[in-house]
S.K.: 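Attaching a single structure in structure tokens format; questions to follow.
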Amino acid sequence: MNAPTHSLRVIFALSTLTCSAVLVLLVHGRAQWTPEFWGQLVATSLTICAAACFVAFRNGKMRVVDVPLARFVGVFLRQLLLTYVASAIALSAIGLAFIYFVTRTAPNALALAVLAGLWLSVWLAPGIASVTSWRKLRS
């Protein structure tokens, strides 16, 4: 049995959509949560996601054709694990630098940075793993 042709595209699109929603929420920060806010959030997130998917999918990229399901799952899970660990470390380090610069308290900054890095990586890693898995499966 072969992997579905557009499986990596679906994973990438969902990851991009969630990351764009988190980005819009971070940018708007403490905005009042009105129906207009949620409408703008959805519209902006969909626009960012559509632009990213257009760039990522053009010329038939990120399609898996005639790839056995077992090989697909093995490659994708390995890439997902590596990407999650790498992005969690990188995001935690970046978060630690920013939070420490603002708060000047190391224990609080470290705890918040690690929590933010682990949480944001949950949404970011599948999209990156889709791209790296496609590159590995293509060859």
Side-chain angles (χ1 to χ4, degrees):
M1 180 173 175
N2 289 335
T5 304
H6 298 290
S7 54
L8 289 177
R9 287 180 171 194
V10 170
I11 294 168
F12 180 84
L14 292 174
S15 176
T16 305
L17 182 62
T18 56
C19 287
S20 62
V22 168
L23 175 68
V24 172
L25 286 170
L26 287 175
V27 168
H28 284 297
R30 297 172 49 112
Q32 190 175 13
W33 290 3
T34 62
E36 292 82 22
F37 168 77
W38 292 110
Q40 290 175 349
L41 172 76
V42 169
T44 306
S45 297
L46 286 174
T47 302
I48 293 170
C49 180
C53 288
F54 175 76
V55 171
F57 301 160
R58 66 178 178 217
N59 299 326
K61 292 180 184 172
M62 291 187 60
R63 288 182 61 221
V64 288
V65 180
D66 294 332
V67 175
L69 188 59
R71 181 170 182 249
F72 172 81
V73 169
V75 168
F76 181 74
L77 290 179
R78 185 171 44 253
Q79 291 301 314
L80 183 63
L81 179 66
L82 292 173
T83 304
Y84 178 77
V85 170
S87 63
I89 291 170
L91 289 172
S92 295
I94 292 168
L96 178 62
F98 281 118
I99 296 168
Y100 183 75
F101 178 74
V102 172
T103 64
R104 301 286 184 202
T105 58
N108 293 341
L110 181 61
L112 187 58
V114 169
L115 183 64
L118 293 174
W119 181 76
L120 289 172
S121 294
V122 167
W123 308 115
L124 183 64
I128 297 170
S130 297
V131 175
T132 57
S133 296
W134 175 70
R135 288 184 178 168
K136 291 217 180 270
L137 292 170
R138 182 177 61 165
S139 59

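The residues of the chain are indexed from 1 along the displayed sequence. Small disclaimer: the values here were computed from a predicted structure and weren't measured.
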S.K.: Could you pull out the closest heavy-atom pair between Ala129 and Thr132, with the gap in Å?
M.R.: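 Looking at all heavy atoms of both residues, the shortest contact is O-OG1, 3.2 Å.
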S.K.: Enter the distance from Leu25:CG to Thr44:OG1 here, rounded to the nearest 0.5 Å.
M.R.: 10.5 Å
S.K.: Is the Trp123 ring parallel, tilted or perpendicular to the Trp119 ring (thresholds 30°, 60°)?
M.R.: perpendicular
S.K.: Decide side-chain contact (heavy atoms from CB on, under 4.5 Å) for Tyr84 and Ile128; before the verdict, give the C-alpha distance in whole Å, the side-chain angles of both, and the deciding distance to 0.1 Å.
M.R.: CA-CA 9 Å; Tyr84 178 77; Ile128 297 170; over 6 Å; no
S.K.: Are the side chain of Ser133 and the backbone N or O of Ser130 linked by a donor-acceptor pair below 3.5 Å?
M.R.: no
S.K.: Using atom types as modelled, flag every donor-acceptor pair under 3.5 Å from a side chain in residues 88-100 to any protein atom, sequence neighbours excluded.
M.R.:
| residue | atom | partner | partner atom | Å |
| --- | --- | --- | --- | --- |
| Ser92 | OG | Ala88 | O | 2.7 |
| Ser92 | OG | Ala113 | O | 3.4 |

S.K.: Among the clusters formed by ILVMFWY side chains lying less than 4.5 Å apart, do Leu120 and Leu118 turn up in the same one?
M.R.: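 In one cluster: yes.
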S.K.: Taking CH2 in Trp38 as the centre, count heavy atoms belonging to other residues, nucleotides or ligands within less than 6.0 Å. Is the count above 12?
M.R.: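 Yes, the 6.0 Å shell around CH2 holds more than 12 heavy atoms from other groups.
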S.K.: Apply side chain to side chain contact (heavy atoms under 4.5 Å, CB included) to Leu14 and list each qualifying residue two or more places apart in sequence or on a separate chain.
M.R.: Val10
S.K.: Given the rule that I, L, V, M, F, W and Y join up when any side-chain heavy atoms are under 4.5 Å apart, are Leu115 and Val122 in one cluster?
M.R.: no
S.K.: I want to check something: taking the side chain as every heavy atom from C-beta on, are Ser15 and Leu124 in contact at a cut-off of under 4.5 Å?
M.R.: no
S.K.: Indicate whether any N or O donor in one side chain lies under 3.5 Å from an N or O acceptor in the other, for Thr34 and Glu36.
M.R.: yes
S.K.: In a table with atom names and distances, give each donor-acceptor pair under 3.5 Å that connects a side chain of residues 56-70 to protein atoms at least two apart or in another chain.
M.R.:
none

S.K.: When hydrophobic residues are tied together by side-chain contacts of less than 4.5 Å, even through go-betweens, does Val114 share a cluster with Leu26?
M.R.: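 Yes, because Val114 and Leu26 connect within a single hydrophobic cluster, where side-chain heavy atoms sit under 4.5 Å apart.
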S.K.: Calculate, to the nearest 0.5 Å, the distance between atoms CG and CD belonging to Leu8 and Gln79 respectively.
M.R.: 10.5 Å
S.K.: Find out whether Phe76 and Leu137 are in side-chain contact, i.e. whether some heavy atom of one side chain is under 4.5 Å from a heavy atom of the other.
M.R.: no
S.K.: Considering only heavy atoms from C-beta outward, does the side chain of Leu17 approach that of Ser20 to under 4.5 Å?
M.R.: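 Yes, side chains in contact.
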S.K.: Is the shortest heavy-atom distance from the side chain of Ile48 to the side chain of Val24 under 4.5 Å?
M.R.: yes
S.K.: Is it the case that one hydrophobic cluster holds both Leu82 and Val131, taking links as side-chain heavy atoms less than 4.5 Å apart, direct or via other members?
M.R.: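 No; tracing contacts between hydrophobic side chains, which count when under 4.5 Å, never links both residues.
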